[in-house]
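These notes concern the structure reproduced below.
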Number of protein chains: 2
Amino acid sequence: MTTQPPAADGRGVSLIDVARLAGVSTQTVSRVTNGSPKVAAGTRDAVLAAMDSLGYRPNSAARALRRGSFRTIGVIVYDLASYGNTRSIDALAEAAAHRGYSIVLNPVRSTSESDISTAFTHLDEKSVDGILVIRDEHIHLENSTQIPSATPVVILDSAAPGDRPAVDADQRGGARQAVEHLLDLGHPTVHMVGGPTTSHSAAEREAEWERLLRAAGRDVPPVVRGDWSAASGYEAGRTLAADPAVSAVFSANDQMAVGLLRALHEAGRRVPDDVSVVGFDDIDESGWLWPPLTTVRQRFDESGRVAVLKLFEAIESGRREGSFESVPTELVVRGSTGPYRPRG
Amino acid sequence: MTTQPPAADGRGVSLIDVARLAGVSTQTVSRVTNGSPKVAAGTRDAVLAAMDSLGYRPNSAARALRRGSFRTIGVIVYDLASYGNTRSIDALAEAAAHRGYSIVLNPVRSTSESDISTAFTHLDEKSVDGILVIRDEHIHLENSTQIPSATPVVILDSAAPGDRPAVDADQRGGARQAVEHLLDLGHPTVHMVGGPTTSHSAAEREAEWERLLRAAGRDVPPVVRGDWSAASGYEAGRTLAADPAVSAVFSANDQMAVGLLRALHEAGRRVPDDVSVVGFDDIDESGWLWPPLTTVRQRFDESGRVAVLKLFEAIESGRREGSFESVPTELVVRGSTGPYRPRG
DNA sequence: TGAGGCCATGTTAACGTCAACACATCCGAT
DNA sequence: ATCGGATGTGTTGACGTTAACATGGCCTCA
């Protein structure tokens, strides 16, 4: 029952100790820990008993050295503190743990080549079995000779260059849900608060928004651009609030929508009576803002899960090229959107 | 310039290859990688050149096996998706990376003994050099024989049992800043939206709130309790909005304050004219809510940094007992608080 | 001029695990 | 009786690195 203190001597208990106590060879002990069928029941029990009384734990460093794999996947993430990324990582870590893998976290500050290379090098040294890159910008892996060709890489949150496997939310589909919802409510057109130009998802959302407006023969007003922050949403909101033609706004994320709502309030434009607002992400607060925010929910956890599965697939199959997988979004209608009412 | 593909054969390049190419012994190469001073400049250059042309990367599994340390610290976190924890982890990872350590992430779902034990066991097998536990509840490490006594543990976010080193924001000080701010504004008393009873920080904030009210000879109204979520804040807000005596509310976190604001809006109680609200945390959105939220800012990044430093200290000194460190908070006054105005 | 010491380098062995092979049994089929 | 083939177990060596010790050359100082 493992209540023993971990052996008087400072060092850990090894296969040898267990083998000695059980009166077998180390190889037999190894077979037991790895669940080999070629062990007699009696022997197995004796070994298990010995392991238990000694409090034996396999040493994964030795294991890793021996088999070249550490049962570990490296995660390179550019903005750990963002809502979605955290969600994805949480789900991803669980999925990985479920398979007996651990996560080595590697937050990267800047986009610079050298930072990325360093991260890859670092992970390579750790003998990770695969690498997951969470990144909403276009990634130049081409230059990264740092990635040993043997290590599979999956990109999360962005289209991947070349033929690498990638996972992303269905940005286009989500934007479509948002824009169609607003058009269905009778709004003559939809204004857009866009994300930063470097962002892949921002570009996708905008492209789809524009495509739909054109397809419906509506005006395509200029994009008011933010940087994802609530502060930038507020700025955008001040601009939009000043324009009486604005009756519906699609914000590329919820945080900017928060600032947007405040700007509209301050300008005396009521939501949703005067202006309807749709966000993107469905962060925790969205449903409890005033008014509660209609938004496009991303299944971040699902993305994380899918990404790990793809990675395992690559690890196991040894294949390096891969397909793109898109995770569906869902429109959540709340109080911030309503039917179009001409000014009067 | 490492543009070479990593050697035609599948396996990695080892010390032996480098040594052979440079015409020295493996030990000398090892000394170079570890920056030993006892290497002649000429030899060092030759070795570096060889490493470079071969694209050599040290194998950390072998290293770990040899020296029993993996230059890795394990992080056990109970709620990865929470704003503060993410911030802390981000800062902590950077501080660790700075010292050449990596982070193994170990999110834990439940509080159950077995879950915790599993996490510890898992990390122990990974030969981590230290463990950081991020947890806002009281932790029963006593029962965890799983922790090898050799591995230092630092607790972040909570008082630690026994004499283990711990780091936490100055919960009491933060609560004091909030309550004193409201009393200074002339409010006869301060109502409180509390966090879950299991939470350490919630308890601290409440205790201080109560202490201050008593010290000032004010009424101590019953705590309206939430679970940190905006949804629960909304519920709490409905209760408080119905009570005309409520003129100032201290919410144990910002998320609940979001829901609280909405409930007050809906009930027609204006903020800050009728009711002042103070939150805790200073999440990204707080400054852009309507009205912008006065709140107590936690320096999550600082907490993370301090925790790693403490851990390194423990790793290096070998000492296991440790002190408690508290990270100061800061009151951020915004639009949600104003002077007391008797109803009328 | 020789003793002592420092310096740069090499040699050996070991960290804990597991794959590959070798070797006993024991079984049933010829 | 003999052989082929399971079945369970032991032996050997290697994964890549580094600590500990060994060596040989050169410098300094008495």
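The analysis underlying the following values was restricted to heavy atoms, covering all of them including side chains, and did not include hydrogens, waters or symmetry mates.
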Check the distance between C:dG16's P and A:L54's CG and give it to me in whole angstrom.
13 Å
Tell me what B:S25 touches on the nucleic acid: a base, only sugar-phosphate, or nothing, going by heavy atoms under 4.0 Å.
base
Take B:R67 and B:A41, find for each the nucleotide of DNA chain C with the closest heavy atom, and name the residue whose nucleotide sits nearer the 5' end.
B:A41
Residues which pass ring pair (Phe, Tyr, Trp, His ring centres under 6.0 Å) with A:Y56, listed by chain and number, not counting sequence neighbours
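Scan of A:Y56 (ring pair (Phe, Tyr, Trp, His ring centres under 6.0 Å), adjacent residues dropped) gives none.
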Among [options], the one nearest [X] by side-chain distance:
X	options	value
B:K38	C:dG10, D:dT17, C:dA8	C:dA8
A:L15	C:dT17, D:dT11, C:dA8	C:dT17
B:V39	C:dT17, C:dA13, C:dT9	C:dT9

Using distance alone, with no hydrogens and no angle criterion, decide if A:K126 and B:S102 have a side-chain donor and acceptor under 3.5 Å apart.
yes
Looking only at side-chain N and O atoms, does B:S25 offer a donor or acceptor that is under 3.5 Å from a partner on B:T28?
yes
Check this for me: does the side-chain of B:R31 come within 3.5 Å of the base of C:dG10 through a donor and an acceptor?
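It does, because a donor-acceptor pair links the side chain of B:R31 to the base of C:dG10 below 3.5 Å.
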Determine: side-chain N/O of A:S30 to OP1/OP2 of C:dA19, distance under 4.0 Å, yes or no.
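So the side-chain polar atoms of A:S30 never come under 4.0 Å of the phosphate oxygens OP1 or OP2 of C:dA19.
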So, OP1 or OP2 of C:dC18: does either fall under 4.0 Å of a side-chain N or O from A:N34?
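Indeed, a polar side-chain atom of A:N34 lies that close.
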